[in-house]
Number of protein chains: 2
Amino acid sequence: MPAHRTARERARAELTAEIKDEARRQLADKGANGLSLRAVARELGMVSSALYRYFPSRDELLTALIVDAYNVLGDTLDKASAGGGSPAERWRAAANALRTWAHTHPHEYALLYGTPVPGYRAPHDTIAPGGRVPGAFLRIAHDAWHAGGAATDDQLDETLRGQARTIAEALGLGDLPDAVVLRAVDAWTQLFGTVALEFTGQFANTLDPADAYFARAVELQLRTAGLG
Amino acid sequence: MPAHRTARERARAELTAEIKDEARRQLADKGANGLSLRAVARELGMVSSALYRYFPSRDELLTALIVDAYNVLGDTLDKASAGGGSPAERWRAAANALRTWAHTHPHEYALLYGTPVPGYRAPHDTIAPGGRVPGAFLRIAHDAWHAGGAATDDQLDETLRGQARTIAEALGLGDLPDAVVLRAVDAWTQLFGTVALEFTGQFANTLDPADAYFARAVELQLRTAGLG
DNA sequence: TCTGAATCGAGAGCGCTGCTCTCGTTTACA
DNA sequence: TGTAAACGAGAGCAGCGCTCTCGATTCAGA
């Protein structure tokens, strides 16, 4: 945050932050569907139309919240996986952190990974911060490969190779072999699937509570990613 | 559908179906968020309050649509996996059918597997039809085990064993060993994770288009489920 | 230091929503 | 045939996102 030249700029930055804070509070409380611009304005003691000086629409406010949430989740995973230990330990820690975050921030999680409403979501601003989440896991795989570099010789289609390169380079892990990237992605999809299924209630009456199954799933991810 | 005794009952059943049809049309068009009771009523040439004689609330209408969508998807998967061929071939067919359905029915898919809004979703009526989807895949694993019964001796926690039993029995596959059930569930979570990530746009700029990666993921599922 | 332009908050208003309540009519059943 | 239940129409309530206008404040250049 740079120092703001004029009082007006400072006030604007502060109010923008306050709006987001209040919106985040209501999001956590009522969910994205229950987030109302008028209610936010009311709580801040202003009139609803004034809010449009700061966010041009409800969707733009939500997009800002999405970006923030991705970053908070990204920080959480970075911190969880930064602790020492083997790559396997770090993956376990990050995976559990993801699941815990989803449980403690259900509405935020739903905002990030729930109803996509094709066409709406994925304004460009969200793609980069959204990539931090799988990125945290790929980075663990990267460190593991650097340390113990197991040889891999998967047969890979050209399309996949190219996509693996794109992923690795976007994360600054350009030296990671395609096969290792893809195996880590495989493990990430497993992790995501487990969390998403539990979270959307698909485990109700069967795998619920899912602690035991989640632990099992994480071990499978480790084998998939070659961290076992 | 039993024959209806009175004209009123017949009319009620017909109108209920017409409401659901129109609602389904709007859902497919505008998404769950854009589904409006008033618009449905308008399209049907009735006044909005009359609609409440048939569905007590918007959520109840959505729940009815959810149940229907689960059943349609369940039928689709059953049909896809009913074709002959090896278990592996059937799993591939069903997995592709799931992905295709998600692409051709994005709003329905989002309704089933998108934002859960903790507390709202999972009214009891949706649990059973929702189970048909993983059920279709577990059934393939069941048939494969019956045919070629590979021995499995995974070490399993008591909780997991119990949950595996619950799952198997709910699907009428009580003879399936716990380890086989859980491996099939593992594969299902992988499949679900892949579809969900692609669908929520998390593959944007990386694995998009995801056809090649999806094919790879399905092969991994086969190995996980022991159908390889 | 003064002035024109940009920025701001307040307020009224539009069209939409889910939902409730009342009222006159139609249908079903005893 | 009469009573009760079921029904559709209509008015209305409170809320929503968003737009537009208007007077006040603040900023920047002459």
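Fair warning: this is a prediction, and the values are worked out from it, not measured in the lab. So you know, we letter chains A, B, ... as the sequences are listed, proteins then strands, and number each from 1. Hydrogens, waters and symmetry mates play no part in the numbers below; they use all other heavy atoms, side chains included.
Rounded to whole angstrom, the span from the CG atom of A:Leu62 across to the P atom of D:dC18 amounts to 10 Å. When the P atom of D:dA28 is taken as reference, atom CD of A:Glu9 falls 7 Å away, rounded to whole Å. Atom NZ of B:Lys30 and atom C1' of C:dC16 are 12 Å apart (whole Å). Atom-to-atom, CD of A:Glu60 to C1' of D:dC18 comes out at 14 Å; the value is rounded to the nearest Å. We find that CG of A:Leu51 is positioned 12 Å from P of C:dC8, with the value rounded to whole Å. Between the CG atom of A:Asn33 and the C1' atom of C:dG18 there is a distance of 13 Å, given to the nearest Å. Look at CD on A:Glu43: it is 14 Å from P on D:dG15, rounded to the nearest Å. Straight-line distance from the OH atom of A:Tyr52 to the P atom of D:dC20: 12 Å, rounded to whole Å.
With C:dG18, C:dA10, D:dA9 as the candidates, the nucleotide lying closest to the side chain of A:Ala50 is C:dA10.
With respect to B:Arg92 and B:Glu219, a salt bridge is recorded, a charged nitrogen being found less than 4.0 Å from a carboxylate O.
Side-chain nitrogen and oxygen atoms of A:Arg42 include at least one within less than 4.0 Å of the OP1 or OP2 phosphate oxygen of D:dC16. OP1 or OP2 of C:dC8 lies within a sub-4.0 Å distance of a side-chain N or O belonging to A:Arg12. The side chain of B:Ser36 contributes an N or O atom lying less than 4.0 Å from OP1 or OP2 of C:dG18.
At a cut-off of 3.5 angstrom, the base of D:dT25 holds at least one donor-acceptor pair with the side chain of A:Arg8.
Looking at heavy-atom distances under 4.0 Å, A:Ser48 makes contact with a base. Within the nucleic acid shown, A:Ser49 comes within 4.0 Å of at least one base atom, counting heavy atoms only. Contact annotation for B:Leu15: backbone-only contact, meaning every heavy-atom pair under 4.0 Å involves sugar-phosphate atoms and none involves a base. Among the heavy atoms of the strands lying under 4.0 Å from A:Tyr54 are primed sugar atoms or P, OP1, OP2 only; no base atom is included. Residue B:Leu35 is in sugar-phosphate contact alone, with no base atom involved, counting any heavy-atom pair closer than 4.0 Å across all strands shown.
Remark: B:Arg99 is positioned above the aromatic ring of B:Phe214, its terminal NZ or CZ atom under 6.0 angstrom from the ring centre and at most 45 degrees off the axis. Taking the centre and axis of the six-membered ring of B:Tyr54, the NZ or CZ atom of B:Arg12 falls inside the cone set by 45° and 6.0 Å.
Aromatic ring centroids of B:Trp91 and B:Phe137 lie under 6.0 Å apart. Separation of the B:Tyr113 and B:Phe199 ring centroids does not fall under the 6.0 Å cut-off.
Comparing A:Arg53 and A:Arg38, the nucleotide of DNA chain C nearest to each residue sits closer to the 5' end for A:Arg53. Two residues, A:Pro56 and A:Ala39, neighbour DNA chain D, and the one matched to the more 5' nucleotide by heavy-atom proximity is A:Ala39.
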